[in-house]
Chemist: 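Here it is, the structure, as structure tokens.
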Amino acid sequence: WYLQNRMLLVWYKRMAHSICDNIVKKSNAFSTTAVAIIVLTILSASLSNVCNQVMAQTGSASSAVAGTQLPRSSPSSHSPLNTIFKQVQSSVVQITSKIPLPTANPSNPQTQNATALGSGFVYDKQGHIITNNHVVGDAKIVDVTFVDGNKYTAKIIGTDIYSDVAVLKIQIQNMTQLQKQPFLKPLVIGNSSKLEVGDQVIAIGNPFGLDSTLTTGIVSAIGRVLPPATEAGGFSIPNIIQTDAPIAPGSSGGPLLNIQ
């Protein structure tokens with residue numbers, strides 16, 4: 001369709017020149033000018049209509065009229081988001097926990113567990129993982145899966161329900177061997193007090209169990225207060241960073257990064 005309209009534009013131009021030449025030969029200068037202006041006005045309107053149609057189809061009027069090709073990004077060029085993602089991808093983990101469900105039958109000694117999925121990130125080379133407290137719940141042991149598929153058992157060694165933070169530690173006999181693994185790469189902790197509204201941020205997690213998912217947004221507000229989760233009671237969490245970056249179930253506990 002694009003090439004057909006280019007040919008149509010060329011035909012319009014040739015027709016305009018042909019009509020004007022015939023008018024010059026058969027009319028006086030005054031009538032020639034008047035008729036030529038009318039003809040060119042009609043053709044100009046037609047050309048404008050065609051150009052608008054081409055622009056709607058291709059997004060570029062210059063490409064339709066001049067026949068120039070739209071610039072293509074070089075395969076070697078990468079955005080800052082590509083670079084950041086490659087740098088931190090291996091530092092983000094998926095956390096699978098078994099949370100005991102309250103039993104409805106006290107006479108039944110068997111306890112049923114619910115599987116909860118969340119995210120976390122590597123804090124240091126000693127195998128500490130940071131996540132949200134609500135990701136691990138009342139679990140004592142969880143599974144930590146790295147992006148390359150390596151899975152380890154981790155023990156919950158600390159929680160703070162008031163800030164919704166939990167600290168895990170990978171359980172392995174040969175910690176020295178683990179520390180040599182390239183995927184055990186701690187994230188650099190930033191200073192959230194320097195954030196300003198409008199700053200670009202990046203969230204990386206495992207929404208719905210889909211690993212290594214990146215979403216972007218901005219800091220929408222700072223200093224927010226997260227109200228209690230239930231109307232029956234609970235507590236509020238202060239100093240929350242509000243962002244419009246999409247964060248779906250399974251991404252909880254993952255890092256929120258700046259572009260530095």
Chemist: Closer than 3.5 angstrom, by distance alone: can the side chain of E196 be matched with the main-chain N or O of K194 as a donor-acceptor pair?
Modeler: no
Chemist: Tell me whether I130 shares a hydrophobic cluster with V93, the cluster being built from Ile, Leu, Val, Met, Phe, Trp, Tyr side chains joined at under 4.5 Å.
Modeler: no
Chemist: Are the side chain of D160 and the backbone of V165 linked by a donor-acceptor contact shorter than 3.5 Å?
Modeler: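 Not a single qualifying donor-acceptor pair exists.
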Chemist: Please confirm whether the backbone N or O of Q87 pairs with a side-chain atom of K185, one donor and one acceptor, at under 3.5 Å?
Modeler: yes
Chemist: For a quick test of reading the model, state the closest non-hydrogen atom pair linking L187 to F121 and the distance between them.
Modeler: CD1-CB, 3.7 Å
Chemist: As an exercise, state the distance from CG of N133 to OG1 of T159, rounded to the nearest 0.5 Å.
Modeler: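 Here the interatomic distance stands at 5.0 Å.
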Chemist: Have N132 and S252 got a donor and an acceptor in their side chains that come within less than 3.5 Å?
Modeler: no
Chemist: Crowded around D148 CG? As in, over 12 foreign heavy atoms under 6.0 Å?
Modeler: yes
Chemist: Given the rule that I, L, V, M, F, W and Y join up when any side-chain heavy atoms are under 4.5 Å apart, are V92 and L210 in one cluster?
Modeler: no
Chemist: Indicate yes or no for a side-chain donor-acceptor contact from D244 to the backbone of V219 under 3.5 Å, with no hydrogens or angles considered.
Modeler: no
Chemist: Can you measure from CD1 (I204) to CD1 (I247) and round to the nearest 0.5 angstrom?
Modeler: 11.5 Å
Chemist: According to a 4.5 Å side-chain heavy-atom criterion applied to Ile, Leu, Val, Met, Phe, Trp and Tyr, with indirect links allowed, do I259 and L195 form part of one hydrophobic cluster?
Modeler: no
Chemist: Tell me if a side-chain donor or acceptor on S90 pairs with a main-chain N or O of V147 at a distance below 3.5 Å.
Modeler: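 Checked: no pair found.
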Chemist: Which value, rounded to the nearest 0.5 Å, describes the distance between I141 atom CD1 and K155 atom NZ?
Modeler: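 One finds 6.5 Å between CD1 of I141 and NZ of K155.
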Chemist: Whether the side chain of K169 engages the backbone of Q126 through a donor-acceptor N/O pair (distance < 3.5 Å, no angle test) should be reported.
Modeler: yes
Chemist: Check G250 against S119 and note the closest heavy-atom contact, atom names and distance.
Modeler: O-OG, 2.7 Å
Chemist: Restricting to non-hydrogen atoms, name the atom on K125 and the atom on L184 that form the minimum distance, rounded to 0.1 Å.
Modeler: NZ-O, 2.8 Å
Chemist: With respect to I156, which candidate in T131, V142, D138, V167 satisfies the side-chain contact (heavy atoms from CB on, under 4.5 Å) definition?
Modeler: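 When T131, V142, D138, V167 are each tested with I156, the side-chain contact (heavy atoms from CB on, under 4.5 Å) holds only for V142.
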Chemist: Using modelled atom types only, decide if a donor and an acceptor are shared between the side chain of D124 and the backbone of P186 within a distance under 3.5 Å.
Modeler: no
Chemist: Any chance CZ of F85 has more than 12 other-residue heavy atoms, nucleotides or ligands included, within less than 6.0 Å?
Modeler: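 More than 12 within 6.0 Å, yes.
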Chemist: Are I241 and L226 linked, directly or through other ILVMFWY residues, by side chains that come within less than 4.5 angstrom of each other?
Modeler: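 No.
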Chemist: A side-chain contact here means heavy atoms from C-beta on lying under 4.5 Å apart; do L117 and N206 qualify?
Modeler: no
Chemist: Do F146 and V136 belong to the same hydrophobic cluster, where Ile, Leu, Val, Met, Phe, Trp and Tyr are linked whenever their side-chain heavy atoms lie under 4.5 Å apart, directly or via other members?
Modeler: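 Yes, F146 and V136 fall within the same hydrophobic cluster.
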Chemist: What heavy-atom pair brings S236 and P227 nearest, and what distance separates the two atoms?
Modeler: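 Of all heavy-atom pairs spanning S236 and P227, the closest is OG-CA, 4.0 Å.
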Chemist: Hey, mind stepping through I202 and L214 against side chain to side chain contact (heavy atoms under 4.5 Å, CB included) and telling me if it holds?
Modeler: CA-CA 7 Å; I202 303 166; L214 178 147; 3.6 Å; yes
Chemist: Would a distance-only check, ignoring hydrogens and angles, find a side-chain to backbone donor-acceptor pair under 3.5 Å from T243 to I218?
Modeler: yes
Chemist: Any side-chain heavy-atom pair from V225 and I237 closer than 4.5 angstrom?
Modeler: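 Of all side-chain heavy-atom pairs linking I237 with V225, none is under 4.5 Å.
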Chemist: Short question: side chain of T96, backbone of D143 - any donor-acceptor pair under 3.5 Å?
Modeler: no
Chemist: I'd like to check L81 versus T216 (side-chain heavy atoms, cut-off strictly below 4.5 Å). Are they in contact?
Modeler: yes
Chemist: What distance do T213 atom OG1 and Q89 atom CD have between them, rounded to the nearest 0.5 Å?
Modeler: 10.0 Å
Chemist: Got a second to check how far H134's NE2 is from S97's OG, nearest 0.5 Å?
Modeler: 10.0 Å
Chemist: Does T115 form a side chain to side chain contact (heavy atoms under 4.5 Å, CB included) with K98? I'd like the steps, not just the answer.
Modeler: CA-CA 5 Å; T115 300; K98 301 290 185 180; 2.8 Å; yes
Chemist: List the atom of L168, the atom of A154, and the distance in Å for their closest heavy-atom pair.
Modeler: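 Of all heavy-atom pairs spanning L168 and A154, the closest is CB-CB, 4.1 Å.
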